[in-house]
Structure formats: C-alpha cells, structure tokens
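Since this is a predicted model, take the numbers as computed values, not measurements. What you see below is based on every heavy atom in this structure, not just the backbone, and it leaves out hydrogens, waters and symmetry mates. Naming convention: chains lettered A, B, ... in sequence-line order (proteins, then strands); numbering from 1 in each chain.
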2 protein chains.
Amino acid sequence: MFMPEHAHNKEHAILDAAEHEFLTKGFDGARTTSIARAAGVTHAMLHYYFRTKEKIFERILDEKMRLMGESVLTAFGTPGLPLSERLRQGIENHFDLIAANADLPRFVVNEVFSRPERYEAMRQRIRRIMEPLLAGLQHDLDEAAARGEMDSVDALMLLLDIISLNVFPFLAYPVLEPLLGDLAGDKARFLALRRAENVEIIRKRLQKTPQR
Amino acid sequence: MFMPEHAHNKEHAILDAAEHEFLTKGFDGARTTSIARAAGVTHAMLHYYFRTKEKIFERILDEKMRLMGESVLTAFGTPGLPLSERLRQGIENHFDLIAANADLPRFVVNEVFSRPERYEAMRQRIRRIMEPLLAGLQHDLDEAAARGEMDSVDALMLLLDIISLNVFPFLAYPVLEPLLGDLAGDKARFLALRRAENVEIIRKRLQKTPQR
DNA sequence: ATATTATTTAACAAAATTGTTAACACAAAG
DNA sequence: CTTTGTGTTAACAATTTTGTTAAATAATAT
C-alpha cells in the first residue's frame with residue numbers, strides 16, 4: 001500500500017472539514033468538535049495534528065489569502081494584448097474566479113478586515129503582489145492616455161472600481177435575490193448580466209469624453 | 001426625580017454596549033458578560049431586561065437594517081431635480097451615510113448575508129422599500145433615454161453599480177491602506193477622491209455613446 | 001523479534017458562557 | 001404601616017468548548 005507520507009488521510013480530511021466549517025461559520029462560529037465529526041475522526045486528532053483551533057484556522061486563512069491574491073494576479077496578468085482587451089479579459093477572469101469561490105469574499109471580509117492583528121501580518125504580502133501590478137497597469141494607462149486613446153485614470157482607482165463591482169454582488173446576493181423580478185432564482189443569468197455590465201461600465205469609464 | 005419610564009438608564013446602557021459589541025465582534029464573537037461589563041451592570045440585568053442574547057441581538061440588528069434601508073431611501077429620494085443631478089446627489093449622500101456608519105456594511109454582510117433564516121425574515125421589508133424606488137428610477141431613466149439625453153440602463157443594475165462602488169471601499173479599507181502610497185494614512189483624502197470617482201464613473205456610464 | 005516511533009482512542013479537566021433563582025432593596029399605593 | 005411590584009445582586013447550575021493525557025494500537029526500523 002503505497003501512499004506519499006505527506007498525504008495523511010485524516011490530516012487531509014480534517015483540513016477539508018475545517019475549510020468548510022470556517023468558510024461558512026467564521027472563526028468564532030466554528031466548532032472543533034463539528035470539524036472532527038464532519039471529518040470522521042475523534043476531536044483529539046485535531047489537536048494531535050494541529051495543536052489548536054487557531055493553528056488550523058491559520059492554515060485555511062493562509063491558503064485562502066493566497067488564492068485571493070493569485071486570482072487578481074492571474075486575472076490581470078496576461079501580457080501582449082492591447083490594454084482595452086487586457087482589461088476586458090481581466091474583469092471577466094476575475095469575475096469568474098470569484099464566482100467559482102463565491103464564499104471567499106465574505107470569509108475575507110469577516111475574518112481579515114475585522115481583525116487588525118490578522119491583516120497586519122499580511123500587509124507586506126499584499127504590497128509585494130499588488131504594487132508591481134499597479135505600476136505596470138499605471139504605465140500602460142499613461143501611455144494610452146498620452147496617445148489620446150483613453151481618458152487618464154489612476155490605476156489603483158480603476159482596480160478598485162473593478163474589484164468593487166466584481167466582488168460586491170456576491171456579498172450581497174441574498175439581499176438582491178428578492179429584487180431580481182423576472183430573473184429571480186436564475187442566478188446564472190443574473191451573474192452573466194452582471195459580468196457584462198461590469199465590463200461595460202469600465203469600458204465607458206476609460207472612454208475619452210467627446211469634445212464638443 | 002422625573003424620568004420617562006421607557007428611558008431606563010441601565011436598559012439604554014446595555015443596548016449601547018451591545019451595539020458596540022455586536023458591531024465589532026458579530027453575534028458569535030460577542031460575549032454577554034463583556035456587554036454587561038461595558039454597560040456597568042451585572043450580567044443578570046441583561047437577562048432581566050432582554051431574556052436572552054438572541055433577543056438583544058435582534059434589537060440591534062433591526063435598528064441597523066432600518067438604518068441601512070433608510071440610507072438608500074433618503075439618499076436617492078430627493079425629487080424635483082433633473083435626473084443626472086439627482087443621481088449625483090444620491091451617490092454623494094449614500095456615500096456620506098456609509099462613511100458616518102463605517103462598520104455597518106461589514107456587520108450586515110457578516111450577520112445577515114451568511115444566515116438564510118435571518119434575511120428570510122427581511123425579504124418583505126427589503127422589497128417594500130426597494131421596489132417603489134426602483135420603479136420610479138426606471139421610469140425616469142426610460143424618459144431620459146427616450147429624449148436621447150442618456151444611455152438606456154436597467155435601474156437595478158445602475159443601483160447595484162452605485163452601491164457596490166460606495167460600499168466596497170469601506171469593507172476593504174484595511175487591505176487598501178498599505179497600497180495608498182502618498183495618501184496612506186490620510187483616510188479623509190482618500191475617501192474624498194473615492195467619492196468623486198464614484199460620481200464620475202456613474203456619470204460616464206449614463207453618457208450616450210458618441211455616434212461615429 | 002524487539003525497540004522505537006507514530007497514530008488513535010476514550011476519558012478527563014478546566015474554563016468560559018449563557019441562563020436561572022432566591023433573596024434583597026426600595027419606592028409607590030393602599 | 002403593609003403590601004405590591006420593579007429593579008438589583010450574588011450565587012449557582014448546565015452546557016459547551018477547547019485542550020490534555022495515559023494507555024492502546026499500528027507501523028517502522030534495527
């Protein structure tokens with residue numbers, strides 16, 4: 001029976017169960033006993049493998065923050081395309097990545113943004129990921145503006161526009177749902193419309209104001 | 001010593017302390033003993049006035065949800081102005097109301113959006129507040145579009161654009177802060193820029209695409 | 001085979017947390 | 001003054017929750 005020794009069955013089962021528990025209930029609402037039950041192990045095993053609830057949580061949080069940063073990078077990182085096309089693809093990729101991890105935004109808002117000590121530890125990582133991306137984007141935006149192809153904008157403001165528009169609907173969906181009228185219940189169709197709207201609003205934001 | 005009997009000193013002190021505790025820590029993270037300590041009463045008083053932790057929480061949640069709905073209504077409710085001006089004022093008022101209650105969005109995202117049973121109870125209220133507002137806005141948008149003054153848009157999509165853009169920066173501020181560069185630490189200045197950006201992006205969204 | 005190390009279990013322990021209760025204080029009403 | 005109702009306190013209780021530990025079992029190495 002060969003099995004790579006890093007893939008402890010139970011350790012992995014615990015991490016899977018913990019991910020679900022922490023993502024849906026948050027750190028304070030999560031119960032180690034509930035994680036153990038879902039993983040099919042006694043709760044003493046949690047402590048054997050991870051010592052404390054905090055340590056399991058950190059494992060999950062680290063992974064999710066990495067995914068979050070990665071999603072921004074891979075979404076907007078495609079080079080070799082005209083800027084407007086790169087942005088359109090970036091918005092769509094970013095939207096799709098969030099759609100595929102729809103509970104991630106709320107988790108990050110809950111667990112990171114509300115605890116200064118947690119995001120203190122991530123400041124550096126965030127900067128190292130975002131600053132080069134912003135610098136490159138700003139460079140391209142400035143060039144396009146100098147050629148008169150686009151309105152001049154600040155890269156951070158533009159990225160914040162995009163992320164706000166892409167993320168917020170997933171946070172607010174439960175409250176939105178009763179307002180959707182004819183497309184209530186048809187989440188997929190709403191999301192498709194929303195994705196298109198986000199592309200369109202950013203396209204128009206960058207459009208040069210017509211001279212009159 | 002006259003004192004309106006509904007203004008029990010301690011009852012009010014408990015509600016104040018509970019508001020702070022629940023807003024900053026959420027239902028699961030909040031401790032009734034901590035609320036009692038902050039209010040300067042024994043924790044038995046909490047149960048005397050409110051029976052259970054749940055009941056105190058509901059009081060706070062109800063008030064905050066009302067404030068949330070009210071903020072949208074009062075922000076966009078000003079009649080008798082041209083639509084573009086009404087929208088500009090609406091965006092600015094809504095932004096300012098959130099800025100004055102900066103911990104509200106996270107609270108609502110945490111406590112309502114993640115608990116189906118909680119927002120189930122609010123569906124009706126949300127509909128009764130939002131549907132007339134949306135219908136009125138859609139009417140005006142359609143008129144302006146028919147006159148050729150504006151691009152044609154769906155009112156719900158437009159409102160979601162605005163709320164996304166206004167709310168998200170407050171949710172994400174802790175993560176944004178290290179990226180602000182020269183205006184890091186100067187939250188007021190960043191928020192002023194952000195408010196202006198939100199007005200501008202919506203203005204351009206509604207702008208008719210130039211014929212070519 | 002034996003020794004050593006890793007994994008697993010069940011029972012226990014400590015602390016925290018929400019909620020209850022009986023007694024007490026005190027003002028107002030009769 | 002006595003009664004009645006409200007507010008208040010301290011002590012207690014029940015449960016939950018995280019974490020520990022000693023003993024049992026399985027795996028691995030010597």
Side-chain angles (χ1 to χ4, degrees), chain A residues 1-63 107 110-111 114-115 117-118, chain B residues 1-63 107 110-111 114-115 117-118:
Chain A
M1 65 187 75
F2 51 105
M3 181 178 291
E5 65 269 7
H6 61 275
H8 300 228
N9 274 348
K10 308 216 168 173
E11 183 172 348
H12 193 257
I14 291 169
L15 281 175
D16 274 359
E19 173 173 330
H20 183 252
E21 179 84 359
F22 283 128
L23 268 275
T24 54
K25 305 194 195 160
F27 181 82
D28 290 326
R31 296 290 167 249
T32 53
T33 49
S34 165
I35 294 172
R37 200 174 340 112
V41 303
T42 56
H43 86 277
M45 295 309 292
L46 281 160
H47 296 103
Y48 175 72
Y49 281 113
F50 303 100
R51 298 290 305 161
T52 66
K53 179 183 178 183
E54 279 275 358
K55 292 226 189 300
I56 307 179
F57 180 77
E58 277 164 27
R59 278 283 285 269
I60 306 296
L61 183 65
D62 274 8
E63 189 206 319
F107 177 71
N110 282 353
E111 301 301 326
S114 55
R115 317 238 171 168
E117 73 280 9
R118 293 218 181 113
Chain B
M1 63 185 76
F2 52 104
M3 180 178 292
E5 65 266 13
H6 61 274
H8 300 228
N9 274 348
K10 306 213 169 175
E11 184 172 347
H12 192 256
I14 291 169
L15 281 175
D16 275 0
E19 173 173 331
H20 183 252
E21 180 83 0
F22 283 128
L23 267 274
T24 54
K25 305 193 196 161
F27 181 82
D28 291 326
R31 295 290 167 249
T32 54
T33 49
S34 165
I35 293 171
R37 202 177 335 111
V41 303
T42 55
H43 87 276
M45 295 308 292
L46 293 190
H47 299 292
Y48 176 71
Y49 282 114
F50 303 99
R51 299 288 307 162
T52 66
K53 179 183 178 182
E54 280 273 357
K55 292 226 188 301
I56 309 180
F57 180 77
E58 277 164 25
R59 278 282 286 269
I60 305 297
L61 182 65
D62 274 8
E63 189 206 318
F107 178 70
N110 282 352
E111 301 300 326
S114 54
R115 316 236 174 171
E117 73 281 7
R118 292 217 180 112

Gap between atoms [atom1] and [atom2], on [X] and [N] respectively (whole Å):
X	N	atom1	atom2	answer
B:Met45	D:dT6	CE	P	13 Å
A:Asp28	D:dT18	CG	P	11 Å
A:Glu21	D:dT18	CD	C1'	14 Å
A:Tyr49	C:dT7	OH	C1'	6 Å
B:Ile35	C:dA16	CD1	P	18 Å
B:Leu46	D:dT8	CG	C1'	13 Å
A:Arg37	D:dT17	CZ	P	9 Å

Is the shortest side-chain heavy-atom distance between [X] and [Y] below 4.5 Å?
X	Y	result
B:Asp28	A:Lys25	no
B:Asp16	B:His12	yes
A:Ile56	A:Phe22	yes

*Taking atom CZ of A:Arg118 as the centre, does the number of heavy atoms from other residues, nucleotides or ligands within less than 6.0 Å exceed 12?*
yes
*Report the relative orientation of the aromatic rings in A:Phe27 and A:Phe57; use parallel for angles under 30°, tilted for 30 to 60°, perpendicular for over 60°.*
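A:Phe27 and A:Phe57: perpendicular rings.
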*What bend angle does the helix from C:dA1-D:dT30 to C:dG30-D:dC1 show across its length, from five-pair end axes and to the nearest 10 degrees?*
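Between the first-five-pair axis and the last-five-pair axis there is 10°.
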*So, is A:Tyr48 close to the D:dT20 phosphate, meaning a side-chain N or O under 4.0 Å from OP1 or OP2?*
no
_Check the phosphate of C:dT7 against A:Lys10, side-chain N and O only, distance under 4.0 Å to OP1 or OP2. Yes or no?_
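No, because none of the side-chain N or O atoms of A:Lys10 sits under 4.0 Å from OP1 or OP2 of C:dT7.
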*How would you list, by chain and number, every residue that makes a ring pair (Phe, Tyr, Trp, His ring centres under 6.0 Å) with B:His20, sequence neighbours excluded?*
none
_Residue from B:Met45, B:His43, B:Arg51 passing side-chain contact (heavy atoms from CB on, under 4.5 Å) with B:His47_ = B:His43
*Donor-acceptor contact present, side-chain A:Glu21 to main-chain A:Thr32, <3.5 Å*: no
*Show the numbers, then the answer: is there a side-chain contact (heavy atoms from CB on, under 4.5 Å) between B:Glu54 and B:Glu58?*
CA-CA 6 Å; B:Glu54 280 273 357; B:Glu58 277 164 25; 3.9 Å; yes
Give me, pair by pair, the N or O atoms of the protein and of nucleotides 17-19 of chain C that are less than 3.5 Å apart, along with how far apart they are.
{"residue": "C:dT17", "atom": "OP1", "partner": "B:Arg31", "partner atom": "NE", "Å": "2.5"}
{"residue": "C:dT17", "atom": "O5'", "partner": "B:Arg31", "partner atom": "NE", "Å": "3.4"}
{"residue": "C:dT18", "atom": "OP1", "partner": "B:Thr32", "partner atom": "N", "Å": "3.4"}
{"residue": "C:dT18", "atom": "OP1", "partner": "B:Lys53", "partner atom": "NZ", "Å": "3.3"}
{"residue": "C:dT18", "atom": "OP2", "partner": "B:Thr32", "partner atom": "N", "Å": "3.1"}
{"residue": "C:dT18", "atom": "OP2", "partner": "B:Thr32", "partner atom": "OG1", "Å": "2.5"}
{"residue": "C:dT18", "atom": "O5'", "partner": "B:Thr32", "partner atom": "OG1", "Å": "3.4"}
{"residue": "C:dG19", "atom": "OP2", "partner": "B:Lys53", "partner atom": "N", "Å": "2.9"}
{"residue": "C:dG19", "atom": "N7", "partner": "B:His43", "partner atom": "NE2", "Å": "3.1"}
{"residue": "C:dG19", "atom": "O6", "partner": "B:His43", "partner atom": "NE2", "Å": "2.9"}

